[in-house]
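Every heavy atom of this structure was used, including side-chain atoms; hydrogens, water molecules and symmetry mates were not. Proteins get letters first, then strands, A, B, ... in listed order; numbering begins at 1 in each.
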Protein chains: 2
Amino acid sequence: MARGRTAPRLVDVAERAGVSLATASRALSGREGVSPAVAERVQAVAAELGYVVNAHARSLAGGSASIVGLIVHQIDDPYFSEIAAGVISVAYEHGITVQICHSARDPENELRQIRTLVANNVRAIIVAGSGYVGDEVETAAKRELAAFQDTGGRVAVIGRHALRADAVLPDNEDAGAALAEHLVGLGHRQIAIASGTVNLTTVVDRLAGIERALADHGIDIDDLPLVEAEFTRDGGAYAAERILAEHPGSTAIIALNDAMAIGALATLRAHGVAVPSQMSVVGFDDVTVAADLAPSLTTVRLPMAEMGADALMMALKDPSSRPRRRHTGHELMVRDSSGPVRA
Amino acid sequence: MARGRTAPRLVDVAERAGVSLATASRALSGREGVSPAVAERVQAVAAELGYVVNAHARSLAGGSASIVGLIVHQIDDPYFSEIAAGVISVAYEHGITVQICHSARDPENELRQIRTLVANNVRAIIVAGSGYVGDEVETAAKRELAAFQDTGGRVAVIGRHALRADAVLPDNEDAGAALAEHLVGLGHRQIAIASGTVNLTTVVDRLAGIERALADHGIDIDDLPLVEAEFTRDGGAYAAERILAEHPGSTAIIALNDAMAIGALATLRAHGVAVPSQMSVVGFDDVTVAADLAPSLTTVRLPMAEMGADALMMALKDPSSRPRRRHTGHELMVRDSSGPVRA
DNA sequence: TTGAAAGCGCTAACAA
DNA sequence: TTGTTAGCGCTTTCAA
């Protein structure tokens, strides 16, 4: 599979423009030290030839890499695909390409992905998945990312990650509080929680917010049923099954993300439980489809695309002495899936 | 931003294992000509050091590239994110990483993305977006991809692309026929079509299937209202608005993908039009959420993840003398959004 | 079976 | 302002 000449190379451009390799390189990467006339000529030739820099060669030669790595738990989860869209659009504006890796919510896997990205000398690594709480492997990943940063690599994380890196922090705790507040305001007390696995910081933070808001109303979260399941649609469906079976008195379900809420709604529909009259359901994230469900889903909007875009923009900026932290807002989207508790 | 030593290099492994660079290289890429004992030792050392090959160096040195490019229209469209998940999982098994590019349904943009991938000497390019019908720029993209293949690059497309490359062909035409057949069987005659832009081969093929099935029943598709709009949720919402306003007699809407169907359902709900009793709605693709909508969406399932996986597997195989073509099946998923026409 | 050495295409000193 | 040249980390002849 020996690949021959496919794309034109810098030498081709240089020759044709009658300049040296160095000059051509400078002209094309817009560095100074080239006369405008020459620069323009080189660029014209490059365009004419359809020249695109070979990222491998550039990276290997120590130039600024034009690839960023994006690590998501699962790309076909709308939460992540919306983040990815944000990352990709910013990357595009900067002439950067995006390598996507699945961690599949497996810290071991995530470590391997990080190693690959580091070995490939990417410009930056965006970790979009939730952090893990107190996990050995996470520590290995952390060490790897820290080393990457020490040698000039840039890292930005989305979510709480116990990592000295720029971070976009989704407003998980306040979002949880807003949602709990909303349900309590509607008169709910028998609230069940469809939770993702509690080794995810996202889950922990959302629960913390819920706990705080409930405590303000004299409700102890530990008295409420909590079913821990996969942080996915099917996990939500399963959690709702168990809630119906084991805690039939519940009047509301807080699902810790929209995927789980969608699963819960499916289960409730299958059981003929009317939403919201018999059971309110709320989620987190406001994925695109949430507003189009029937009943439309009450949830807390997190600006996913913006989060992805911001994460990459941070990572592309010069590093600051201390990590930047950008908090997202959240917006309670009250829709049709939540209503007053039945008299 | 001069990056120092981050990841261990092959020399590090070689030194530590007490062998030459060449031997280490051979041992790690599993080529022959290395004694089993030595190979094992080298691999052990590599694992111990957490060594991962530098893809840039490998690619530049003429080794088989470990990156594939994936071009989608829009990653936060479930159709594409499910395809991407399939591609990524196969890539992972093969130790390959995936670069994702948005073409944003802009042929010009797509061309630029292809050029970048070619310049980066990727192992293969998977074009997941629909082809375009008779477009100048498409021709440029075609030329670029053909040249890439001529020099050993591998290309696989998903959809009809007028390109001499391995292809996964979604069963668009038969799917369209199945859906039209389904509606006619329910007694519908006043069928309106919410169509994506007709420069997409996907749209053209789905329409062809619909036309064929309708013709079998003596219905001329040209007599039916067709609203052309963006191939997205919002496009579907817009198309439904126009259908309601301009063709109030319609009893069914065929949306040419699920995203458009979801938009159409939203519009109908907003106008208080009951589905399916007043209006049936059907879509294409069977994105994950289709079954969880209320009413659940009647649609035609295309195995997106499998399509992505197959496309990459084809691209990774040795090229055959003639392009392979793998047809997907389709499966009519009759759900709650379609019903008999009201008496 | 192993090793030495020549590049892959580019950037970044260093020279002119 | 421009050109020359030494690598970046790897694979792959070619020799031993």
Nearest-angstrom distance from the residue atom [atom1] of [X] to [atom2] of [N]:
X: B:Arg41; N: C:dT2; atom1: CZ; atom2: C1'; value: 12 Å
X: B:Leu60; N: D:dC10; atom1: CG; atom2: P; value: 12 Å
X: B:His56; N: C:dG7; atom1: NE2; atom2: P; value: 24 Å
X: B:Leu10; N: D:dT12; atom1: CG; atom2: P; value: 12 Å
X: B:Arg9; N: D:dG7; atom1: CZ; atom2: C1'; value: 12 Å
X: B:Asn54; N: D:dG7; atom1: CG; atom2: P; value: 18 Å
X: A:Asn121; N: D:dG9; atom1: CG; atom2: P; value: 9 Å
X: A:Arg123; N: D:dC8; atom1: CZ; atom2: P; value: 22 Å

query = Among the nucleotides C:dG9, D:dT11, C:dT11, which one has an atom lying closest to any side-chain atom of B:Arg58?
reply =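 So the side chain of B:Arg58 is nearest to D:dT11.
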
For [X] and [N], is the shortest distance between a side-chain N/O and OP1 or OP2 below 4.0 Å?
X: A:Tyr51; N: C:dC10; value: yes
X: B:Arg31; N: D:dT12; value: yes
X: B:Ser25; N: D:dC10; value: no

Can you run down the side chain to side chain donor-acceptor pair (under 3.5 Å) pairs that involve [range], sequence neighbours left out, and say none if there aren't any?
range: residues 35-48 of chain B; value: B:Arg16-B:Glu48
range: residues 52-63 of chain B; value: A:His56-B:His56, A:His56-B:Ser59, A:Ser59-B:His56, B:Ser59-B:Asn121
range: residues 77-87 of chain A; value: A:Glu82-A:Thr288

query = Would you call the rings of A:His73 and A:Tyr132 parallel, tilted or perpendicular, where under 30° means parallel and over 60° means perpendicular?
reply =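 Geometry flag for A:Tyr132 against A:His73: tilted rings.
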
message = Show, in sequence, the C-alpha distance, side-chain angles and deciding distance for A:Val155 and A:Leu163, and conclude whether the side-chain contact (heavy atoms from CB on, under 4.5 Å) test is met.
response = CA-CA 10 Å; A:Val155 174; A:Leu163 192 67; 4.2 Å; yes

Derivation and outcome, side-chain contact (heavy atoms from CB on, under 4.5 Å), residues B:Arg154 and B:Ile125 = CA-CA 6 Å; B:Arg154 305 282 292 118; B:Ile125 297 177; over 6 Å; no

ask   = Minimum heavy-atom separation for B:Ala14 to B:Ala24, with atom names?
value =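 Nearest pair, atom of B:Ala14 first, then B:Ala24: CB-CB, 3.8 Å.
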
The single option from B:Thr116, B:Val68, B:Leu70, B:Asn120 passing side-chain contact (heavy atoms from CB on, under 4.5 Å) against B:Gln99 =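 Per the side-chain contact (heavy atoms from CB on, under 4.5 Å) rule, the option paired with B:Gln99 is B:Asn120, out of B:Thr116, B:Val68, B:Leu70, B:Asn120.
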
request  = Would you work out how much the helix from C:dT1-D:dA16 to C:dA16-D:dT1 bends between its ends, with each end axis defined by five base pairs, to 10 degrees?
outcome  =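 Inter-axis angle at the termini of the helix from C:dT1-D:dA16 to C:dA16-D:dT1: 40°.
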
ask   = Is there side-chain contact between B:Leu28 and B:Tyr51, with heavy atoms separated by less than 4.5 Å?
value =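 They are in contact (side-chain heavy atoms under 4.5 Å apart), so the answer is yes.
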
request  = Would you jot down, in residue-number order, the residues of residues 91-98 of chain A having a non-hydrogen atom under 4.0 Å from DNA chain C?
outcome  =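 Per residue number, the list is empty: none.
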
Evaluation steps, side-chain hydrogen bond (donor to acceptor under 3.5 Å, both in side chains), between A:Ser130 and A:Arg105 = CA-CA 9 Å; A:Ser130 167; A:Arg105 290 204 174 83; over 6 Å; no

inquiry  = Rounded at 0.5 Å granularity, tell me how far CG in B:Leu111 sits from CG in B:Asp106.
reply    =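 Atom-to-atom, B:Leu111:CG and B:Asp106:CG are 10.0 Å apart.
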
ask   = Can B:Asn109 and A:Tyr92 be said to form a side-chain contact (heavy atoms from CB on, under 4.5 Å), step by step?
value = CA-CA 10 Å; B:Asn109 205 331; A:Tyr92 180 73; 3.1 Å; yes

Using a cutoff of under 3.5 Å, can you pull out all pairs of nitrogen or oxygen atoms linking the protein to nucleotides 1-4 of chain D, with atom names and distances?
unit_1	atom_1	unit_2	atom_2	d
D:dT2	OP1	A:Ser35	OG	3.3
D:dT2	OP2	A:Ser35	N	2.7
D:dT2	OP2	A:Ser35	OG	3.3
D:dG3	OP2	A:Ser20	N	2.8
D:dG3	OP2	A:Ser20	OG	3.1
D:dG3	OP2	A:Thr23	OG1	2.7
D:dG3	N7	A:Arg26	NH2	2.7
D:dG3	O6	A:Arg26	NH1	3.2
D:dG3	O6	A:Arg26	NH2	3.4

